[in-house]
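Everything quoted here is computed from the prediction, not taken from an experiment.
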Amino acid sequence: MKKITVPFLGEDCGLEAGDLVELSGKIYCGRDAVLPHVVAMAKEGTLGDYGVDLRGAVIFHTAVSCAGIAPTTTSKPEIQSSMVPLSEKGAKFHLGKGLISPETVEGLKRTHAYFLITPPVAALLTAQMGECHAVIHPEFGMEAFYEISVKDFPAIVAAANGETIFSE
């Protein structure tokens with residue numbers, strides 16, 4: 001098990017597809033409704049106005065509600081299309097569930113970013129969550145862009161260095 005403190009500001013964390021990791025630190029959470037807005041803001045250079053710094057960040061594809069957190073399907077167009085642009089702006093890890101396209105795998109390789117998956121076990125994941133607040137589009141409710149604190153948050157590296165754990 002590799003423990004990673006996020007944001008990860010090192011050059012290379014040496015992860016390979018199939019590695020087990022635990023993340024600790026601040027991560028961002030967003031899904032279908034908000035991620036296209038976050039991409040637009042990243043391209044405009046306005047994320048800093050909300051205190052969002054993508055350098056070495058984790059973006060968890062989830063909503064945040066009183067019921068807890070659990071991954072949503074990353075292959076949704078609004079989510080998958082956010083991964084490479086946000087990696088180009090510094091995001092290091094994208095956390096969700098399901099398959100991603102070979103083009104996205106290649107884009108992550110080019111930007112030295114990773115796709116991690118986590119089992120859909122809301123109770124376990126929610127137990128690892130601490131502080132939580134909406135940082136962008138709070139009017140979207142549970143689909144706003146959140147920053148949460150986590151400790152020993154479990155995940156599996158699903159795509160790294162152009163390789164995936166999924167069979168063709």
Side-chain angles (χ1 to χ4, degrees), residues 1-32 34-43 45 47-48 52-63 69-122 124-125 128-129 136 145-168:
M1 181 76 62
K2 295 184 179 184
K3 293 186 177 280
I4 298 174
T5 300
V6 292
F8 181 81
L9 300 177
E11 194 63 27
D12 179 26
C13 53
L15 296 177
E16 298 293 331
D19 285 349
L20 302 177
V21 299
E22 286 183 341
L23 305 171
S24 295
K26 301 276 186 187
I27 67 176
Y28 295 112
C29 300
R31 52 177 289 169
D32 329 30
V34 78
L35 284 175
H37 297 276
V38 174
V39 169
M41 295 169 77
K43 289 179 178 179
L47 287 176
V52 173
D53 184 353
L54 292 180
R55 290 176 297 152
V58 175
I59 301 186
F60 185 18
H61 307 143
T62 187
I69 56 174
T72 194
T73 304
T74 296
S75 63
K76 294 176 187 177
E78 302 85 355
I79 296 175
Q80 187 166 193
S81 66
S82 76
M83 294 171 70
V84 174
L86 295 178
S87 295
E88 290 171 344
K89 296 297 182 179
K92 189 72 168 176
F93 306 97
H94 301 271
L95 181 60
K97 70 176 184 179
L99 296 171
I100 57 175
S101 72
E103 295 80 18
T104 301
V105 171
E106 200 52 41
L108 294 176
K109 178 181 179 183
R110 188 179 76 259
T111 59
H112 307 286
Y114 300 89
F115 174 48
L116 312 176
I117 59 173
T118 190
V121 289
L124 168 66
L125 301 180
Q128 305 311 107
M129 184 175 85
I136 297 175
F145 196 65
Y146 280 82
E147 179 184 270
I148 66 173
S149 296
V150 297
K151 181 165 177 18
D152 299 333
F153 198 85
I156 301 165
V157 179
N161 310 308
E163 302 293 324
T164 75
I165 63 169
F166 304 108
S167 61
E168 294 295 315

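Gln80 contributes atom CD, which lies 3.5 Å from atom OG1 of Thr104 (distance to the nearest 0.5 angstrom). Here the CG-CD distance, from Leu54 to Glu88, works out to 12.0 Å after rounding to the nearest 0.5 Å. Of the inter-residue distances, the one linking Lys2 atom NZ with Leu20 atom CG reads 10.0 Å to the nearest 0.5 angstrom. The structure places CZ of Phe115 at 8.0 Å from CG of Leu95, a figure rounded to the nearest 0.5 Å. Atom OG1 in Thr74 sits 10.0 Å away from atom CG in Leu116 (nearest 0.5 Å). The distance from the CG atom of Leu35 to the OG1 atom of Thr72 is 10.0 Å, given to the nearest 0.5 Å.
Two residues are said to be in side-chain contact when any heavy atoms from C-beta on lie closer than 4.5 Å; Leu15 and Phe93 meet this criterion. A 4.5 Å side-chain heavy-atom check between Leu108 and Ile100 finds at least one atom pair inside the cut-off. Two residues are said to be in side-chain contact when any heavy atoms from C-beta on lie closer than 4.5 Å; Glu22 and Gln128 fail this criterion. Within the 4.5 Å cutoff, no side-chain heavy atoms of Glu16 are placed close to those of Val157. A heavy-atom distance below 4.5 Å is not found between the side chains of Asp53 and Leu47. A heavy-atom distance below 4.5 Å is found between the side chains of Phe153 and Ile69. The side-chain heavy atoms of Arg55 and Pro7, taken from C-beta on, include no pair separated by under 4.5 Å. For the pair Ile4/Val58, no side-chain contact is recorded, criterion being any heavy-atom separation below 4.5 Å from C-beta on.
Heavy-atom contacts from other residues, nucleotides or ligands closer than 6.0 Å to NZ of Lys151 number 12 or fewer.
Partner of Lys3 under the side-chain contact (heavy atoms from CB on, under 4.5 Å) criterion, chosen from Leu23, Val21, Asp152: Asp152. None of His94, Arg110, His112 except one satisfies the side chain to side chain donor-acceptor pair (under 3.5 Å) rule with Ser87; the exception is His94.
Between Ile59 and Phe145, the shortest heavy-atom contact is CG2-CE1, 4.4 Å. Between Ser149 and Lys26, the closest heavy-atom pair is OG-NZ, 3.0 Å. The nearest pair of heavy atoms linking Ala42 to Leu86 is CB-CD2, 3.9 Å. Minimum heavy-atom separation, Pro154 to Thr118: O-OG1, 2.8 Å. Contact record, Ile148 with Cys29: CD1-SG, 3.6 Å, taken as the closest heavy-atom pair. Shown here for Ala159 and Val105, the closest heavy-atom pair between the two residues is CB-CG2, 4.3 Å.
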Using the side chain to side chain donor-acceptor pair (under 3.5 Å) rule, take His61 and Ser82 through it: C-alpha gap first, then chi angles, then the decisive distance, then the call. CA-CA 10 Å; His61 307 143; Ser82 76; 4.9 Å; no
Under the side-chain contact (heavy atoms from CB on, under 4.5 Å) criterion, do Met41 and Ile136 qualify, and how do the steps go? CA-CA 10 Å; Met41 295 169 77; Ile136 297 175; 3.7 Å; yes
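Of the possible polar contacts, one joining the Thr164 side chain to the Phe166 backbone as a donor-acceptor pair under 3.5 Å is found.
Using a cut-off of 4.0 Å between Lys/Arg side-chain N and Asp/Glu carboxylate O, Lys109 and Glu163 are scored as not salt-bridged.
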